[in-house]
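Working notes, beginning with the structure itself.
Note that ligands are numbered from 1 as they come in the structure, with each ligand's atoms numbered from 1 the same way.
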Amino acid sequence: MKSVKDLMNLAGRTVAITGGAGHIGKAMADAVAELGASVAIIDLNQDSCAETVSSLSEKHGVNAAAFPVDLAEEKAVRALPSAVADKMGGLDVLINSAAFVGTSGLEGWVVPFEEQTTETWRKAMEVNLTSVFTLSQSAAPLLKASGHGSIINVSSIYGVYAPDLRLYGGTGMGNPAAYAASKGGLIQFTRWCSTVLAPEIRVNAITPGGVFRNQDEQFVERYEEKTPLQRMATEEDFKGAVCYLASDLSAYVSGQNLIVDGGWGTW
Ligand SMILES: NC(=O)c1ccc[n+]([C@@H]2O[C@H](COP(=O)([O-])OP(=O)(O)OC[C@H]3O[C@@H](n4cnc5c(N)ncnc54)[C@H](O)[C@@H]3O)[C@@H](O)[C@H]2O)c1
């Protein structure tokens, strides 16, 4: 029987992570690199990808490479998995963490429902959901060949629960419909893929709760009050979940949504 250390070892495996230069993506990349994985950082911005890559290789001595791409560009997305495999020798784990988020600064996004625009809804669906479909489809042959294929989709509590607007009153913060719909869709796409891509590829989701980023004080207070563990999340809180789902620690786990929200949705 293998030891826990053997089961969590990612040496010799390549993990590709979209949004890998973002807050949560970076923490997840750091976690899998610590377990020995080679890491492909996929994100919009060339400089932030390159920065993340050099800090990963310096800190963990692993192979890491940058793949700057706009996930709204279907052709570029479709070509990504083979580009990663060509450069890094294969593809074993795909983590989809990129998204238009609350702070993305789009027009017609974090505004009251009647002001949310169809154009921004479409853009958000394209990046948050459609790109995950395209990428999963084009990565599937490589992940199947890996022998340890795993897809991890990063959803949100707002893909599971309705927003409690009492948290937002007077803060200027908001909760776009397209964000919720795309993240809910991602969870069902996860389940769908988990049977269709079985038995070679495991497909699971991680559902983070709200991360503390110096939000409005009233919001933070109300959010903490509603959270059994009495605090907002930190990026570090998702390291355990991603290491579990990326490695053989979860070799018999597929089709699941691991909610990491401090108990926020348990009431
Ligand atoms: N921060 C939270 O409170 C929270 C809560 C629940 C779920 N999440 C989810 O966690 C994930 C990461 O969120 P985060 O807080 O780290 O946000 P973030 O903005 O720091 O990271 C998202 C990354 O995605 C990249 N990205 C966005 N559009 C892209 C595109 N078109 N092409 C390529 N890359 C693109 C951004 O450049 C950014 O680096 C998201 O899927 C988000 O929905 C976050």
Side-chain angles (χ1 to χ4, degrees), residues 16-31 40-53 66-80 94-106 109-110 120 122-132 134-135 151-161 163 167-168 173-176 178-187 189-190 205-216 219-220 223-224 227 231-239 241-242 257-262 264-265:
I17 173 158
T18 75
H23 293 83
I24 292 177
K26 223 186 263 184
M28 289 181 168
D30 184 71
I41 298 293
I42 300 165
D43 210 301
L44 265 180
N45 182 294
Q46 165 91 48
D47 291 346
S48 58
C49 281
E51 235 171 73
T52 309
V53 160
F67 295 85
V69 75
D70 182 350
L71 292 166
E73 302 292 331
E74 185 194 339
K75 238 179 152 180
V77 174
R78 210 164 269 295
L80 266 174
L94 171 64
I95 304 172
N96 292 300
S97 179
F100 281 180
V101 295
T103 50
S104 291
L106 304 159
W109 178 239
V110 183
T120 299
R122 287 206 175 102
K123 275 192 198 155
M125 287 296 167
E126 195 63 40
V127 173
N128 294 13
L129 190 56
T130 309
S131 77
V132 178
T134 310
L135 201 49
I151 297 177
I152 302 165
N153 294 322
V154 180
S155 182
S156 162
I157 46 173
Y158 295 119
V160 181
Y161 309 106
L167 300 181
Y168 294 90
M173 297 167 70
N175 195 301
Y179 184 74
S182 64
K183 293 297 184 176
L186 195 53
I187 291 171
F189 180 61
T190 300
I206 294 174
T207 283
V211 179
F212 177 69
R213 303 244 172 86
N214 294 307
Q215 290 96 335
D216 181 283
F219 174 83
V220 175
Y223 191 99
E224 288 178 347
T227 309
R231 63 172 178 87
M232 295 193 74
T234 66
E235 282 77 12
E236 194 181 276
D237 288 320
F238 310 110
K239 283 187 163 186
V242 80
N257 177 25
L258 182 44
I259 300 182
V260 184
D261 70 348
W264 192 87

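The side chain to side chain contact (heavy atoms under 4.5 Å, CB included) with S97 is formed by just one residue from the set I206, N153, I152, V154; it is V154.
Partners of Y168 by ring-ring contact (aromatic ring centres under 6.0 Å, His included), not counting sequence neighbours, listed by chain and number: F219. Listed by chain and residue number, nothing satisfies the side chain to side chain donor-acceptor pair (under 3.5 Å) test with D261 (two or more places apart in sequence, or in another chain).
The nearest heavy-atom contact from the protein to atom 21 (O) of ligand 1 is G22 CA, 3.5 Å. With hydrogens left out, the protein atom closest to atom 38 (C) of ligand 1 is D43 OD2, 3.6 Å, a heavy atom. Of the protein's non-hydrogen atoms, S97 O, 3.1 Å is the one closest to atom 11 (C) of ligand 1. Nearest protein heavy-atom neighbour of atom 19 (O) of ligand 1: V101 CG2, 3.6 Å.
Contact annotation for A99 and ligand 1: heavy atoms of both the backbone and the side chain come within less than 4.0 Å of the ligand. Only the backbone of V69 comes within contact range of ligand 1, with a heavy atom under 4.0 Å; no side-chain atom does.
Using a 4.0 Å heavy-atom cutoff, K26 is absent from the residues neighbouring ligand 1. Within the structure, ligand 1 lacks E126 among the residues with a heavy atom less than 4.0 angstrom away. Not a single heavy atom of S131 sits less than 4.0 Å from an atom of ligand 1. For I42, the closest heavy-atom approach to ligand 1 does not fall below 4.0 Å.
Nearest residue to atom 8 (N) of ligand 1 from Y223, F238, Y158, Y179 is Y179 (criterion: closest heavy atom). Of the listed residues (V77, L44, V154, T52), the one carrying the non-hydrogen atom nearest atom 34 (N) of ligand 1 is L44. Relative to atom 23 (C) of ligand 1, the option among A72, S156, G19, S155 with the closest non-hydrogen atom is G19. For atom 4 (C) of ligand 1, the nearest non-hydrogen atom from the set I95, I24, L71 comes from I24. Across the listed options R213, Q215, K183, H23, R213 owns the non-hydrogen atom lying nearest to atom 15 (O) of ligand 1.
Using a 4.5 Å heavy-atom cutoff, the side chains of I42 and L80 are in contact.
Between M125 and A181 the shortest heavy-atom distance is CE-CB, 3.5 Å.
Listed by number with element, the atoms of ligand 1 under 4.0 Å from a non-hydrogen atom of A21 are 39 (O).
A donor-acceptor contact shorter than 3.5 Å is absent between the side chain of N96 and the backbone of I17.
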